[in-house]
Amino acid sequence: MTEQATTRPAGRTVELDERLAAYKGVWVFIEMERGHVHPVSWELIGEGRKLADRLGVDVWGVILAPPGEANMVAAGEAYAHGADGVYLMEDPILADYRTVPFNNGLCTLVNQFKPEILLLGATTLGRDLASAVATTLATGLTADCTALAIDLDTRSMAATRPTFGGSLLCTIHTLKARPQMATVRPRVMAMPPRTAGRTGRIVNVPLNMREDDIITKVLDYIPDRDQEQAQLAFADFIVAGGRGLGKVENFRLVEDLAAVLGAEVGGTRPLVQGGWIGAERQIGQTGKTIRPKLYIAAGISGAIQHRVGVEGADCIVAINSDPNAPIFDFAHYAIVGDAVKILPALTEAFRARLSANRKSI
Amino acid sequence: MHVVVCIKQVPDSAQIRVHPVTNTIMRQGVPTIINPYDLFALEEALRLKDQFGAKVTVLTMGPKMADPALRKALPFGADEAILLTDRAFAGSDTLATSYALSSAIAKIGQTEPIDIVFCGKQTIDGDTAQVGPGIATRLNLQQLTYVSKIVSIDKGARQIVVHRRAEGGVQVLRTSLPCLITMLEDTNHIRFGTMDDAFRAARYQLTEWSATDAGVPDVAQCGLRGSPTVVKKVFAPSAKTVKASPIAGETPDALAKTLIDTVFTAHPGLQEDLENQIAISTQGASS
């Protein structure tokens, strides 16, 4: 670090020192596992595009993968979703995710091409990698952001995330280090429109590692038998319960309504902690982020932890006996009342309405 | 075998209240607990004590008020407990926290080499999941995050095989010791300690380390000064400008009917989408 950097007087408008100003452009790590791109990558390209347009710079996708045709397909999709170019690092070593080679590869690219912003999905892979990269580069990393913006005064990224167990939001900046890093959970950002035929540049960079130098080996990969996790995140109709249901037996009422709607069921963190539902059914910041067409929340108070996970829903119906419950601040329809009494009525009314309609076709 | 378990004292998040006027956190009177995710790490470490006679050292960083968390960890069967506390650490973000903790872990390892460092998956107050990987990167330990199971440990060959949760599946990984493991939740159940452990814990004198005691090489990399991230604003989420439409009714049945009428009118197409969804899910159930 230069001496001047530490003695410069503090002020609101900070001119970036030369070292930081050399970092330009917005990068999105394109998460490819076993030839499959995680859709959060395209959501982030859409978000990265907005940041880049405000800064007047380009958006680049970064692909670390074994050699294969899937990479060019992924690069094409990156352009279609808004990327201007793709850095492609191909090596058989990158066939399965392992921290050391991916960290090494991504840091090599960052040090060579110097992006000012680097976004990753907050998946198990993205969080593992982002932490290693931020530590290696000694830069700031903000996890699980729910909003990203640019402060043009400081040319810095304003990363907003829930804090203190989800009761407040905070906005975090990385002022004295680059790149500014953030992770965002899947489904938090909207999927950008896809423009067919949009093209971009590709830059190939070698990894320069030897398999013998990597200590961790992947012995096997056991795919999940059920796709429950994916189903909840991508479901169009979801009914969820919270502590307002009173006792575990009442969760059946949520399941009954869901069955009539063909919906997925979910719940809040306290329900998972209480053993009412499995962790894969948790909705909220530390569970799944959902974007259904219809979301019915029964006995859920609506702490931020939960709010950030459901705000993308087209239509939120909230049932809560407390008229001041925070969920009514972001729901579209408010039913003040006991969910245990109202759920069975809703189940019957939907059953009648939907089957009546089916007969009339 | 020597294992270190990093734990954090956190406020019981279920009981945090926000001041209605000032929008600040009301910390007074909020009970503190060991971060629940860390208990899975602690239990896994104690199983290595059962199996291999491993020595278990618990480490936490925080203000002096954090010693109850360490005290609570001892009766489960931990052997040593170290509190890393110094004004220099105040205001640390995850990068500065991993710096301080890794310095302390390196110091612990000087007396007795460490085979595995355990952390929880994340904390319930920060929820970042960044400190564990940060420590691994700094100490050049093999990084095994979201571990759901330790399959085997070969003490002679110094190798470990684990199951690691990935998106859509589980990776079976083999690596060499020393390594850092962050344990996934619901992978084990914290035990009840023995009476011997309870007595020993009651008499146990916690070790307290300052930055100097822990051999932190560069205090400028600690605390607020060593943190690249800056919190610019803390705020309560704003209510939507359009308030939720209240739905009411004489009886639950009348209310349900009103709701469905209102929702289907405001969201044309929703009824058809639901009909289609039901058709798909019935098909799925019958096939």
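Because the structure is predicted, anything quoted here is derived from the model rather than measured. Chain identifiers are assigned alphabetically (A, B, ...) following the order of the sequence lines, protein sequences preceding nucleic acid strands; residue numbering begins at 1 within each chain.
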Is chain A contacted by the side chain of B/L173, its backbone, both, or neither, given a heavy-atom distance below 4.5 Å? both
Does the pair B/R165/A/D224 count as a salt bridge with the N-to-O cut at 4.0 Å? yes
What pair of heavy atoms forms the shortest contact from A/E31 to A/S41, and how long is it? N-OG, 3.0 Å
Side chain / backbone / both / neither for B/A248 at chain A, heavy atoms under 4.5 Å: neither
Which answer fits A/R161, side chain, backbone, both or neither, if we ask what part of it has an atom under 4.5 Å from a heavy atom of chain B? side chain
Do you know which of A/L261, A/I214, A/T142 has the most heavy-atom pairs with chain B at a distance under 4.5 angstrom? A/L261
Picking from A/T183, A/L219, A/N103, which has the most non-hydrogen pairs under 4.5 angstrom with chain B? A/L219
Which one of B/D38, B/I105, B/N35, B/L180 satisfies the side-chain contact (heavy atoms from CB on, under 4.5 Å) criterion with B/C6? B/I105
Which bit of A/T160 is near chain B, if near means a heavy-atom gap under 4.5 Å: side chain, backbone, both or neither? side chain
Indicate the atoms forming the closest heavy-atom contact of A/I319 with A/G337, along with that distance. CG2-O, 3.9 Å
The interface call for B/L274 against chain A, heavy-atom contacts under 4.5 Å, is both
Is B/D186 close to chain A through its backbone or its side chain, or both, or neither, when contacts mean heavy atoms under 4.5 Å? side chain
Considering residues, nucleotides and ligands other than A/Q273, do more than 12 of their heavy atoms fall under 6.0 Å from its CD? yes
Among the listed options A/F350, A/Y221, A/F328, the residue most often paired with chain B at heavy-atom distances under 4.5 Å: A/Y221
Honestly, the part of A/A177 sitting under 4.5 Å from a heavy atom of chain B is side chain
Most contacts with chain A, counted as non-hydrogen pairs under 4.5 angstrom, among B/I135, B/L270, B/T262, B/T128: B/T128
Do side-chain atoms of B/Q9 reach the backbone of B/A69 as a donor and acceptor pair under 3.5 angstrom? yes
Which heavy atom of A/A258 sits nearest a heavy atom of A/E264, and at what distance? CB-O, 4.3 Å
Does either side chain, that of B/D125 or that of B/T123, offer a donor lying less than 3.5 Å from an acceptor on the other one? yes
Between A/R127 and A/D144, does any side-chain N to carboxylate O distance fall below 4.0 Å? yes
When you measure from the side chain of A/H38 to the backbone of A/V40, do you find a donor-acceptor pair of N or O atoms at a distance under 3.5 Å? yes
Is A/T123 close to chain B through its backbone or its side chain, or both, or neither, when contacts mean heavy atoms under 4.5 Å? both
Atom of B/I278, atom of A/G262 and distance for their closest heavy-atom approach: CG1-N, 4.2 Å
Per-residue contact mode, A/I335 against chain B (heavy atom under 4.5 angstrom): both
Under 4.5 Å from any heavy atom of chain B, what part of A/Y333 do you find: side chain, backbone, both or neither? both
Do B/R138 and B/Y99 meet the cation-pi criteria used here (NZ or CZ under 6.0 Å from the six-membered ring centre, within 45° of the axis)? no
Least distance between heavy atoms, B/M61 atom then B/S92 atom: CE-OG, 3.8 Å
Answer with side chain, backbone, both or neither: which region of A/V317 has an atom nearer than 4.5 Å to a non-hydrogen atom of chain B? side chain
Applying salt bridge (Lys or Arg N to Asp or Glu O under 4.0 Å), run through A/D236 and A/K293 and close with a yes or a no. CA-CA 5 Å; A/D236 282 335; A/K293 291 176 178 161; 3.8 Å; yes
So for A/Q180, is it side chain, backbone, both, or neither that comes closer than 4.5 Å to the heavy atoms of chain B? neither
By the definition side-chain contact (heavy atoms from CB on, under 4.5 Å), identify the one residue from B/T97, B/T182, B/L95 that meets it with B/V131. B/T97
Could you check which of B/G134, B/C179, B/A266 has the highest count of heavy-atom pairs closer than 4.5 Å to chain A? B/G134
Need one label for A/E33: side chain, backbone, both or neither, based on atoms under 4.5 Å from any heavy atom in chain B. side chain
If you tally heavy-atom pairs under 4.5 Å against chain B, which of A/A279, A/A349, A/S131 wins? A/S131
Does this structure show an ion pair linking B/K257 with B/D261, if we count only N-O contacts that are shorter than 4.0 Å? yes
So which of B/E272, B/H267, B/K121 has the largest heavy-atom pair count under 4.5 angstrom toward chain A? B/H267
Which bit of A/V100 is near chain B, if near means a heavy-atom gap under 4.5 Å: side chain, backbone, both or neither? side chain
Note: vs chain A, highest number of non-hydrogen pairs under 4.5 angstrom among B/R164, B/Q122, B/Q143 is B/Q143
Hey, which of A/L125, A/I215, A/I327 has the most heavy atom pairs under 4.5 Å with chain B? A/I215
If you check every heavy atom in residues 216-229 of chain B against those of chain A, which residues fall under 4.5 Å? B/P228, B/T229
Does a donor on one side chain sit under 3.5 Å from an acceptor on the other, for A/H306 and A/T268? no
Pair count under 4.5 Å, heavy atoms only, with chain A: among B/T94, B/D93, B/V263, highest is B/V263
Is any NZ, NE, NH1 or NH2 atom of the basic residue among A/R307 and A/D329 found under 4.0 Å from an Asp or Glu carboxylate oxygen of the other? no
